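Below: one structure, written as structure tokens.
Only this structure's heavy atoms are used, side chains among them; waters, hydrogens and symmetry mates stay out. Everything quoted here is computed from the prediction, not taken from an experiment.
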Amino acid sequence: MRLNEVVFTDAKPVEGYGPGFFRIGGEVVHGPVIAGPMGTLSWAGYDDADALLALAGKIDILFIGTGADIAHLPADLRRQLEDAGLGLEVMSSPAASRTYNVLLSEGRRIALAMIPV
């Protein structure tokens, strides 16, 4: 069996989550969060489109975790993100965390925005 070391770029992996928080790259962040090539930032949630639009041209896919269960994004937010050319994948926050970590380990150009569970 061949083993390869997983190397994360400037972005940090999601290591855990719980009620109201995420642990990303050894740091605990309370509330909604954005993680990706720019580091880990607090996020104001669906009303903060500007923080997500700033990722346009820097990533190929934005994973949006909607909390404990999958939910629809507000139509206006989805339209703004798609018009900016961001590829979107909407899923529950636990699923978004796992998918983000896998693609991050492959060196993909991705980011993650999540609402806590």
Side-chain angles (χ1 to χ4, degrees):
M1 170 193 249
R2 181 174 176 207
L3 298 176
N4 293 317
E5 179 181 1
V6 175
V7 177
F8 295 100
T9 58
D10 295 337
K12 295 183 167 93
V14 178
E15 298 168 333
Y17 54 86
F21 76 92
F22 299 97
R23 190 174 62 248
I24 300 174
E27 178 182 334
V28 174
V29 180
H30 294 276
V33 65
I34 300 174
M38 70 299 174
T40 303
L41 310 167
S42 290
W43 178 44
Y46 299 141
D47 293 331
D48 187 8
D50 290 340
L52 301 179
L53 291 169
L55 297 169
K58 299 175 184 165
I59 61 167
D60 297 321
I61 300 172
L62 172 62
F63 295 100
I64 299 182
T66 58
D69 299 310
I70 191 168
H72 292 284
L73 287 183
D76 186 51
L77 176 61
R78 178 180 277 281
R79 187 172 26 264
Q80 288 180 64
L81 298 175
E82 288 175 346
D83 287 351
L86 287 167
L88 300 177
E89 290 293 333
V90 180
M91 56 191 76
S92 69
S93 293
S97 296
R98 291 187 300 270
T99 306
Y100 170 81
N101 282 350
V102 169
L103 294 182
L104 184 64
S105 73
E106 295 175 355
R108 303 284 186 93
R109 291 177 5 123
I110 57 172
L112 173 66
M114 294 187 290
I115 303 293
V117 295

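At least one side-chain heavy atom of P116 sits less than 4.5 Å from a side-chain heavy atom of F22. Using a 4.5 Å cut-off on side-chain heavy atoms (C-beta onward), M114 and V14 make contact. The side-chain heavy atoms of I110 and Y100, taken from C-beta on, include a pair separated by under 4.5 Å. When side chains are defined from C-beta on, V90 counts as touching R78, because their heavy atoms get closer than 4.5 Å. For the pair T66 and Y46, the minimum side-chain heavy-atom distance is below 4.5 Å. Looking only at side-chain heavy atoms (C-beta outward), N101 and R98 stay at 4.5 Å or farther from each other. Between I24 and P13 the shortest side-chain heavy-atom distance does not fall below 4.5 Å.
Taken together through direct or relayed side-chain contacts under 4.5 Å among Ile, Leu, Val, Met, Phe, Trp and Tyr, L41 and W43 form part of one hydrophobic cluster. Hydrophobic clustering (side-chain heavy atoms under 4.5 Å, transitive across Ile, Leu, Val, Met, Phe, Trp, Tyr) groups V117 together with V33. The cluster map of Ile, Leu, Val, Met, Phe, Trp and Tyr, joined by side-chain heavy atoms under 4.5 Å apart, puts L86 and L73 in the same cluster.
S93 contributes a side-chain N or O that, together with a main-chain N or O of I115, makes up a donor-acceptor pair within less than 3.5 Å. Looking only at distances, no side-chain donor or acceptor of T99 sits under 3.5 Å from a matching main-chain atom of V102.
By the neighbour-count criterion of 12 heavy atoms within 6.0 Å, atom CG of D83 is densely surrounded, having more than that number from other residues, nucleotides or ligands.
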Solution key, residues 48-65 side-chain donor-acceptor pairs under 3.5 Å, sequence neighbours excluded:
residue : atom : partner : partner atom : Å
D48     : OD1  : A51     : N            : 3.4
K58     : NZ   : A54     : O            : 3.3
D60     : OD1  : R109    : NE           : 3.4
D60     : OD1  : R109    : NH2          : 3.2
D60     : OD2  : R109    : NE           : 3.3

Determine whether R23 and E27 satisfy the following criterion, salt bridge (Lys or Arg N to Asp or Glu O under 4.0 Å), listing intermediate values before the conclusion. CA-CA 5 Å; R23 190 174 62 248; E27 178 182 334; over 6 Å; no

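Pairing each heavy atom of G45 with each of P32, the nearest pair is N-CB, 4.2 Å.
Taking CE of M91 as the reference point, atom CG of D69 lies at 14.0 Å (rounded to 0.5 Å).
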